Amino acid sequence: MSLLLMKAMVLIMPCSLLDQVAMAQDGELQISFTHSANGEPIVFRDSTYQNAFGENYNIYKLKYYIGQIKVEGLDQPINALPYYLINAAGTNEINLKLPPGKYKGISFLLGIDSVSNCSGAQSGALDALNDMFWTWNSGYVFFKLEGRSSSSSADLQRIEHHIGGYKAGNNVARIIRLHVDGDSSVEISNQKITRLTISLNLDRYWDAVNPIRIAEIPVCMQPGLLAQKMAANFEALFTLNVVP
Amino acid sequence: MQSLTRNEQDQPEPLKLEIPMGWPKPEKNLFEKNQLTEQGFQLGKKLFYDARLSKNGEISCASCHQQFAGFVTFDHDLSHGVNDGFTTRNAPALVNLAWMQEMHWDGAINHLEVQPLAPLTAPNEMGENLDSVMLKLKKDPEYRRMFKNAFGNAGISSQGMLKALAQFTGSLISANSKYDKMMRGELPFTEYEKRGYALFKANCSGCHREPLFTDNSFRNNGLPLNRFKDIGRQQISNNPDDSLKFKVPGLRNVQLTYPYMHDGSIYSLFQVIDHYRNGIHTEQATLDSSLRNRISMSNKEKNDLVYFLYTLTDSSFLKNPRFGPGELKPAKAEHHLP
């Protein structure tokens, strides 16, 4: 069969058949998430960490939403399922199918788009049971950090950072763009699983762009200027690595 | 073939929301992804009247939203929650919610389906958490059956619970008062009511827009900052221009929804009108521009206006058994007297 004829056949194939062809040729990408502070994997409750301002803290919860995953070089989001809730206290793996090729990077939304914030009761990652929905002021908490710190003036020396907000002017959803180093690339080929690690370094949370001192900001509980100030540090939290 | 027929009978029966003649279209995202069905409505009604949804099993949605009072807490400025707690605002009427985009006095709630999460989890209302509610529902075979009938094999879920509640509360439509009958040409108004209606249109309908008797906006109507330091809409928007603004309430069944205002601080309709005549705090920066000069009205006109407001009482809604708790089942059938 000539190449020309094959191209013509592809053109007249019904969409569903095209999808099947694409599926058959797709490679697999496995993304896992790791979380560290002070250069070590986060241990909840028991380990004490220190931020850039010399404030000690313990971590009780670290959870956040990501979605709209894209790879650089492909326009469309590469997975139908829009949102994942990453809980640093567990293992988090996302498996994606995508066409073979060499990609320079990956991007995702840290947070939830505004329409999904106003769509009523939802299921899966967006189920209100996940304790990431503000019941008294509708909307999702995009990023939740809870813990304790001797620098906190709040009740029980809490750190309670619930960062969210989807309305114009208060929107803290951030697109995070991550690239692999230098000349290397993320290579996807069929019949092979390519593994990536997205690493969150909590050290950058406190001072990447805006200084977040626990003594000054032990609690952030609603959308607004404070949440925006904290969200400015989001992009610097993450790095991307290809697992050899 | 027989099993096919049975499967068809097991399908939930779709319902159509009846839109009263001349009314605007309801919120389009309300029942688009939540098909109104008889089974969903009945499940929502059961949940609405079930006190097990609260922490101590004593408070249901209906405790504070009583049908005979237009779904407010009758004769209460504030409502009671678990552990003798009090709310800090007057329970709003659950009526014509399908035409409301934002709920609560401050508009904090952006969709009817997520509204129940607020009273369910508030420590001064039902004081419960969602995980615990799910456990209680899953233990009950009646709920297992009703969720299956309404939503198929998905089982009991928070999403199903919230969608069912929205099917019930979103169906609470009041559109058969004397006012509606007069508008439809079925009944005439008395002379008092006619004069009151004219006064209403001249002085009130700018905010209390017909036929819902609200424009769903947030406005400061000149009440003082109350003892809870409740700044209203500003708490949600973070905008100082929204200080002391609260949602304009619809006036359907207003005769029965006393006391009035976001904090229940005004007891009677006569006193409400007195507030607009001479009680407005005109020094407030965010006071609604339409109230800067207060409202001039004679005592006789005040009476006429109240007569008109009484025409918004819809007894067919207040007594509709479809919206009520239903018949109470006898506790134990075997305990008959000999």
Side-chain angles (χ1 to χ4, degrees), chain A residues 61 63 65 81-83 85 87 111-142 144 146 155 160 162-173 217 219-231, chain B residues 27-34 44 87-89 101-135 151 154-167 170 233-239:
Chain A
K61 280 183 192 170
K63 292 158 80 176
Y65 280 112
L81 192 66
Y83 289 104
L85 177 57
N87 184 349
I112 309 282
D113 71 281
S114 62
V115 171
S116 300
N117 270 281
C118 310
S119 297
Q122 297 178 68
S123 60
L126 297 181
D127 195 314
L129 273 170
N130 292 322
D131 206 19
M132 293 289 278
F133 189 82
W134 276 306
T135 58
W136 54 278
N137 184 4
S138 304
Y140 286 93
V141 175
F142 298 168
K144 180 183 271 194
E146 291 184 10
D155 177 48
E160 208 153 305
H162 296 179
I163 305 169
Y166 66 90
K167 291 179 186 167
N170 283 330
N171 196 335
V172 294
I217 310 172
V219 175
C220 174
M221 288 295 292
Q222 61 180 345
L225 284 175
L226 184 57
Q228 289 172 60
K229 180 179 170 180
M230 299 174 82
Chain B
E27 284 300 319
K28 76 171 172 53
N29 69 352
L30 181 53
F31 292 125
E32 246 177 21
K33 289 181 183 166
N34 183 16
T87 60
T88 57
R89 288 181 184 157
Q101 198 193 350
E102 296 165 304
M103 267 121 293
H104 286 193
W105 283 105
D106 53 17
I109 307 299
N110 67 19
H111 194 290
L112 184 58
E113 284 172 15
V114 297
Q115 191 284 332
L117 294 169
L120 265 176
T121 58
N124 59 340
E125 296 188 55
M126 296 166 85
E128 192 42 293
N129 69 67
L130 208 46
D131 291 293
S132 171
V133 172
M134 288 298 108
L135 283 177
F151 299 114
I156 292 176
S157 67
S158 76
Q159 188 184 37
M161 177 183 77
L162 296 170
K163 283 185 180 291
L165 277 165
Q167 291 197 25
R233 181 73 176 158
Q234 186 187 356
Q235 207 172 318
I236 298 306
S237 69
N238 301 317
N239 183 352

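Keep in mind that this is a model prediction, so the values were computed, not measured. A note on names: the letters A, B, ... follow the listed sequences, proteins ahead of strands, and every chain is numbered from 1.
- Heavy-atom distances place the side chain of B:Met134, and not its backbone, under 4.5 Å from chain A.
- If you measure heavy-atom distances from B:Gln115 to chain A, you find no contacts under 4.5 Å at all.
- To the nearest 0.5 angstrom, A:Ser138 atom OG is 8.0 Å from B:Met103 atom CE.
- Interatomic distance, A:Gln122 CD to B:Ser157 OG, rounded to the nearest 0.5 Å: 12.5 Å.
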* Please report the C-alpha distance between B:Asn238 and A:Gln222 in whole Å, then the side-chain angles of each, then the deciding distance to 0.1 Å, and finally whether the side-chain contact (heavy atoms from CB on, under 4.5 Å) criterion is met. => CA-CA 10 Å; B:Asn238 301 317; A:Gln222 61 180 345; 4.2 Å; yes

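- Looking at B:Thr121, only its side chain comes within 4.5 Å of chain A, counting heavy atoms on both sides.
- Of the residues considered (B:Leu130, B:Val133, B:Asn129, B:Asn34), B:Leu130 shows the highest number of contacts with chain A, using heavy-atom pairs under 4.5 Å.
- Only the side chain of B:Asn29 has a heavy atom closer than 4.5 Å to any heavy atom of chain A.
- With a 4.5 Å cut-off on non-hydrogen atoms, A:Asn170 touches chain B through its side chain but not through its backbone.
- Listed here is the closest heavy atom pair of A:Ser123 and B:Gln159: CB-OE1, 3.3 Å.
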* Test side-chain contact (heavy atoms from CB on, under 4.5 Å) on A:Tyr166 and B:Asn110 and set out the steps. => CA-CA 11 Å; A:Tyr166 66 90; B:Asn110 67 19; 2.9 Å; yes

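- Of all non-hydrogen atoms in B:Ser158 and A:Ala128, the two that sit nearest each other are OG-N, 4.3 Å.
- The line from CG of A:Asn137 to NE2 of B:His104 is 10.5 Å long, rounded to the nearest 0.5 Å.
- Rounding to the nearest 0.5 Å places CD of B:Gln235 at 7.0 Å from CH2 of A:Trp136.
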